[in-house]
There are 2 protein chains.
Amino acid sequence: MAISQEISYRLERLILDGGLAPEHKIPSERQLAASLRVSRSVIREALHELQGRGVIETRHGKGSFVSTMVPGSGDLREQGPLMRLFEGHPRTLYDLLEVREQLEGQAACLAAQRATSQDRHRITKAFRDLEDTDPLSNARPDHGFHQAIVEASHNPILVHVLNSLKNMMLMTVQASVANLNPRAEMRKKIVLQHRQLYEAIISGRPTSAQKIAMAHVRFVSKSMRDMEQEGSTLIRIPVEHEALSSHHHANR
Amino acid sequence: MAISQEISYRLERLILDGGLAPEHKIPSERQLAASLRVSRSVIREALHELQGRGVIETRHGKGSFVSTMVPGSGDLREQGPLMRLFEGHPRTLYDLLEVREQLEGQAACLAAQRATSQDRHRITKAFRDLEDTDPLSNARPDHGFHQAIVEASHNPILVHVLNSLKNMMLMTVQASVANLNPRAEMRKKIVLQHRQLYEAIISGRPTSAQKIAMAHVRFVSKSMRDMEQEGSTLIRIPVEHEALSSHHHANR
DNA sequence: AGAGACAACTGGTCCTACCAGTTTTTAAAT
DNA sequence: ATTTAAAAACTGGTAGGACCAGTTGTCTCT
């Protein structure tokens, strides 16, 4: 195995086991190179590896510091490398919504076709909850409403895929409802869309339901795009740690 | 921000957009350094960063490769028990195809809109392979053709989801081509559909491409349904399918 | 005391040379 | 002509020097 890797592991152990405090400064590259008797190149490569793992962060002219995150729980690693890969790429959010538009549409279409009376009952209940709830905290009812529709499609695969996508969205950004609802006129439109969607499904109009559902997702996506463009930054939940967002610990 | 970071970010983006297959080889360090007009050092540092994040892995004397875990095995499969649940239920296959119909349609639509000249070239190449190959063993070219289209959609999420669905299909049944091709008249229809799809995408007709792709999947699904009904059992192959899963280069 | 130049850190980039695996090509031996 | 072994042409890994670019403290000059 490469020396740079061994060193990166040794340093990681030293940091984790040794319980090095966040913001603790690591010896300079030249010092490490000298004391470990290797070239500065391998030190730099090892440090970049640790940087990629989020163990340390490096600031030009100052040095390398232990990240504020960390200990034991390798947290992010559990979620699979896929999440880390997408993290920090805002475009991913819209890619997600692009796919969801299609699938939510299909779910609505199928639901309008295949919903049993029991399904209709559950959807109706979810819809009532959606209308009754305080708009400020209606992320859950919203989720429940869509969930009920998807389940009425009677396609387990579709349920599963949409669920995965929703989880990915929650990891990327606290989205849609939380950000969009503050805007009164937007909320009205969304409420209207929900009502139309509900009626289309209950009265069994598949193509209509599909179009409405797709338009709904599209509307949400566009609204977020607009908000982002006009400066009002989306509330990004940096999955567990804002260690990497570089500009937080500016000057000391 | 450091150049090495920018490059690591750009490479990551490239991997996402390209929907790069696992084990796909990345240009050599010297090549990258030359084409990006930076020193080899920064390339090495960028690569080490990606390595730390688990995006790529590097092998001495061979090169750097996209990590196998990244695009291929998404969150859809890692939910072990779920697969057992679906396994053996033939209806699952049609649920899968139902979802695929939608997504392949979207992929074709987006590909017709967003394909770069490079994408078009790759699709054309895949299409030629598809036509030239012996129909008996053209599972691979078929896969390659659709894969090229999906990648041209430039939506990493879509690439990932469809890839997962395809893997699930392979686990359930070695489907479509292997079973359908024996029928001469079916093969002709499928070849025709492929040609139409190809032309629609290349000449940039999104809605047309979408319809054709959806009809194609639907046709495959219906054909399988028919065959199953008339007694000719589908060839079910329990897992062990290293055969079709796109790229699998054993170590030598 | 305050201002500004300077020196001594820090990491960031570039370069060249060379070592070490891997693959391909070449040339010799059969 | 085929087989086989050496050699060349790749690949990444390490070394170390030179220099650029931020940061910080020091020391002089006013």
Side-chain angles (χ1 to χ4, degrees), chain A residues 1-12 14-15 20 22-68 243-252, chain B residues 1-12 14-15 20 22-68 247-252:
Chain A
M1 182 177 259
I3 297 182
S4 68
Q5 310 235 331
E6 302 208 6
I7 290 185
S8 86
Y9 283 134
R10 278 174 61 183
L11 286 180
E12 191 176 11
L14 224 93
I15 291 172
L20 247 48
E23 294 300 303
H24 183 285
K25 190 180 172 189
I26 288 178
S28 78
E29 296 177 352
R30 289 173 174 86
Q31 255 174 283
L32 282 172
S35 74
L36 295 182
R37 263 170 282 267
V38 293
S39 83
R40 196 181 150 208
S41 310
V42 315
I43 296 292
R44 285 186 59 76
E45 284 156 14
L47 291 184
H48 273 87
E49 238 167 90
L50 293 181
Q51 203 176 338
R53 284 186 225 164
V55 178
I56 67 171
E57 43 189 278
T58 295
R59 293 193 276 274
H60 190 168
K62 293 190 169 180
S64 291
F65 305 82
V66 177
S67 274
T68 55
L244 294 182
S245 40
S246 52
H247 302 97
H248 277 81
H249 321 92
N251 302 333
R252 283 279 134 115
Chain B
M1 182 177 259
I3 296 182
S4 68
Q5 310 242 333
E6 305 230 7
I7 289 186
S8 87
Y9 184 90
R10 278 175 62 184
L11 285 179
E12 195 176 350
L14 236 127
I15 290 174
L20 247 37
E23 296 300 299
H24 182 287
K25 190 181 173 193
I26 287 177
S28 78
E29 296 177 352
R30 290 172 175 89
Q31 255 174 283
L32 283 173
S35 73
L36 296 182
R37 264 171 282 266
V38 293
S39 84
R40 198 182 147 206
S41 310
V42 314
I43 295 292
R44 284 186 60 76
E45 284 157 14
L47 290 184
H48 273 87
E49 218 167 298
L50 292 180
Q51 203 176 338
R53 296 159 91 160
V55 177
I56 66 171
E57 39 189 271
T58 295
R59 292 193 276 274
H60 189 169
K62 292 189 168 181
S64 292
F65 305 82
V66 176
S67 237
T68 55
H247 306 71
H248 175 263
H249 299 138
N251 289 344
R252 284 155 191 140

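These numbers come from a predicted model, not from an experiment. The sequence lines fix the lettering, A, B, ..., with proteins before strands; numbering per chain opens at 1.
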| query | Of the candidate nucleotides dG13(D), dT23(D), dA21(D), which contains the atom at the shortest distance from the side chain of Thr58(B)? | reply | dG13(D)

| request: Find the distance Ile7(A):CD1 to dG13(D):P and express it as a whole number of Å. | output: 14 Å

| task | Output the single nucleotide from dC15(C), dG13(D), dT23(D) whose closest atom is nearest the side chain of Ala2(A). | result | dG13(D)

| note | Taken to the nearest whole Å, NE2/His60(A) to C1'/dG11(C) is 5 Å

| Between C1' of dG13(D) and CD1 of Ile43(A), the distance in whole Å | 14 Å

| In whole angstrom, what separates Arg37(A)'s CZ from dT14(D)'s C1'? | 17 Å

| query | Between Arg53(A) and Glu49(A), does at least one N-O distance fall below 4.0 Å, as a salt bridge requires? | reply | yes

| In whole angstroms, how far is the C1' atom of dT10(C) from the CZ atom of Arg44(A)? | 11 Å

| field | Heavy-atom side-chain proximity of Ser39(A) to Val42(A) below 4.5 angstrom | value | yes

| field | Nucleotide nearest Arg30(A) (side chain, heavy atoms from C-beta), chosen from dT23(D), dG12(C), dT14(D) | value | dG12(C)

| Candidates dG11(C), dT10(C), dG12(D) - which lies nearest the side chain of Arg40(A) | dG11(C)

| Using a cut-off of 4.0 Å on non-hydrogen atoms, how would the nucleic acid contact of Ser28(B) be classed: base, sugar-phosphate, or nothing? | sugar-phosphate

| request: Starting from the 5' end of DNA chain C, give me the residue, Gly61(A) or Ser41(A), whose nearest nucleotide shows up first. | output: Gly61(A)

| query | How is Gln31(A) classified with respect to the nucleic acid when contacts are heavy atoms under 4.0 Å: base, sugar-phosphate, or nothing? | reply | sugar-phosphate

| Side chain of Ser39(B) - closest among dT24(D), dC15(C), dA15(D) | dC15(C)

| message | Assess whether a salt bridge exists between Glu23(A) and Arg59(A), defined as any Lys/Arg side-chain N lying under 4.0 Å from an Asp/Glu carboxylate O. | response | yes

| For atom CD of Gln5(A) and atom C1' of dG21(C), their distance in whole Å | 15 Å

| message | So Ile3(B), base contact, sugar-phosphate only, or nothing? Heavy-atom distance under 4.0 Å. | response | sugar-phosphate

| query | Can you tell which of dC14(C), dT14(D), dT10(C) lies closest to the side chain of Val42(B)? | reply | dC14(C)

| field | Residue from Ile56(A), Val66(A), Ile7(A) passing side chain to side chain contact (heavy atoms under 4.5 Å, CB included) with Leu50(A) | value | Ile56(A)

| field | Separation of atom CD in Glu6(B) from atom P in dT13(C), rounded to whole Å | value | 9 Å

| field | base_contact_polar (dG11(C) base, Arg59(A) side chain, donor-acceptor, <3.5 Å) | value | no

| Starting at the 5' end of DNA chain D and moving along, which residue's nearest nucleotide shows up first, Glu29(B) or Val38(A)? | Glu29(B)

| task | Determine whether Ser64(A) and Thr58(A) make a side-chain contact, defined as any pair of heavy atoms from C-beta on separated by less than 4.5 Å. | result | yes

| Between Glu45(B) (CD) and dC14(C) (P), how many Å, whole number? | 10 Å

